[in-house]
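These numbers come from the heavy atoms of this one structure, side chains and all, not from hydrogens, waters or symmetry mates.
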Amino acid sequence: MYRHRLPREAGAAILLLHGGRADALEPPPRPNLPALRMRPFATALLRETFDDDVLIAHVRYRHRGWNGTHAHPVADARRALDELRALIGPVPVVLVGHSMGGRAALRAAADPQVKGVIALAPWWPGTETVGHVRGRTVIALHDEADRITDAADTWALLTRAQAAGARVQGIRMPHGGHSMIRDARRWHRVTAKAAAAVLGNGLPVLPAGSGPAVVSRAAGGAGGRSSAGR
């Protein structure tokens with residue numbers, strides 16, 4: 001676990017989980033572009049929680065891929081949560097994950113410390129279970145033009161999570177695709193406000209819009225399709 005900020009007396013924590021590959025047993029390379037992509041999100045979170053005692057860190061992966069039933073990033077996320085408990089005690093935690101990291105965050109949300117998940121263009125296959133997110137907040141940002149992961153899967157999972165008792169919000173991002181490079185500042189800003197809202201026991205204040213699972217529109221959107229990358 002790499003720490004961006006460690007307050008003297010942390011009252012909450014935000015953990016970032018980057019993307020990866022469906023199958024890859026080797027360690028993440030140096031430099032690791034998916035991990036670097038999360039740094040501006042960490043900066044936005046630092047600014048949004050400047051006056052609060054919030055620890056911000058990112059999860060270190062031992063393997064580059066998900067790797068089938070091994071689900072290696074989930075074990076890494078759980079280990080990071082254990083490290084947090086040893087470091088600052090049982091504080092509320094928000095998990096912010098991109099792509100494969102969003103899937104790992106969803107699984108790791110079974111931990112009792114996790115208050116919510118912010119998923120960015122997540123890889124959420126229909127096989128994922130959601131019963132464990134009852135009472136938690138699950139927020140997803142997705143551009144429906146994403147060709148790597150499928151926004152339709154994201155909205156479907158939010159619908160199931162809502163039925164299971166989670167507080168959910170889906171946000172259709174107008175640009176960014178899977179990499180979230182285009183219109184990047186909007187992604188950073190919305191993510192930071194969403195995480196702060198979860199820690200404050202609320203949902204982000206965003207324009208209401210039509211769509212499944214309380215989906216809000218961040219200024220338009222387009223139809224998307226998926227492929228095999230994560």
Practice problem: Check salt bridge (Lys or Arg N to Asp or Glu O under 4.0 Å) between Asp23 and all other residues, then give those that pass, not counting sequence neighbours. | Solution: none
Self-check item: Contacts of type ring-ring contact (aromatic ring centres under 6.0 Å, His included), residue His188, not counting sequence neighbours
Solution: Phe41
Side-chain polar contacts of residues 24-31 - donor-acceptor pairs under 3.5 angstrom, sequence neighbours left out - could you list them?
none

Quiz item: If you measure from the Lys or Arg side-chain nitrogens to the Asp or Glu carboxylate oxygens, is any gap between Arg62 and Asp76 under 4.0 Å?
Solution: yes
Quiz item: Between the side chain of Arg160 and the main-chain N/O of Glu128, is any donor-acceptor distance below 3.5 Å?
Solution: yes
Quiz prompt | Pair Arg79 + Asp82: basic N to acidic O under 4.0 Å | solution = no
Exercise. Not counting sequence neighbours, list each pair that qualifies as a side chain to side chain donor-acceptor pair (under 3.5 Å) and has a residue in residues 129-141.
Key: Thr137-Arg167
Quiz prompt | Option from Leu158, Ile118, Thr191 for which side chain to side chain contact (heavy atoms under 4.5 Å, CB included) with Ile139 holds | solution = Ile118
Quiz item: Between Arg186 (side chain) and Met173 (backbone), is there a donor-acceptor pair under 3.5 Å?
Solution: no
Quiz item: Between atom CH2 of Trp124 and atom OG1 of Thr149, what is the distance when rounded to the nearest 0.5 Å?
Solution: 10.5 Å
Quiz item: With ILVMFWY side chains joined below 4.5 Å, transitively, what does Leu36's cluster contain besides itself?
Solution: Leu33
Quiz prompt | Mutual orientation of the aromatic rings belonging to His178 and His98 [parallel < 30°, tilted 30-60°, perpendicular > 60°] | solution = tilted
Practice problem: Check Val74 against Ala104 and note the closest heavy-atom contact, atom names and distance. | Solution: CG2-CA, 4.0 Å
Quiz prompt | For Ala161, side-chain contact (heavy atoms from CB on, under 4.5 Å) partners two or more places apart | solution = Val130, Val133, Ala166, Val168
Quiz item: Which pair of heavy atoms, one from Asp143 and one from Ala151, lies closest together, and at what distance?
Solution: O-CB, 4.3 Å
Quiz item: So do the side chains of Leu45 and Leu16 get within less than 4.5 Å of each other, counting heavy atoms only?
Solution: yes
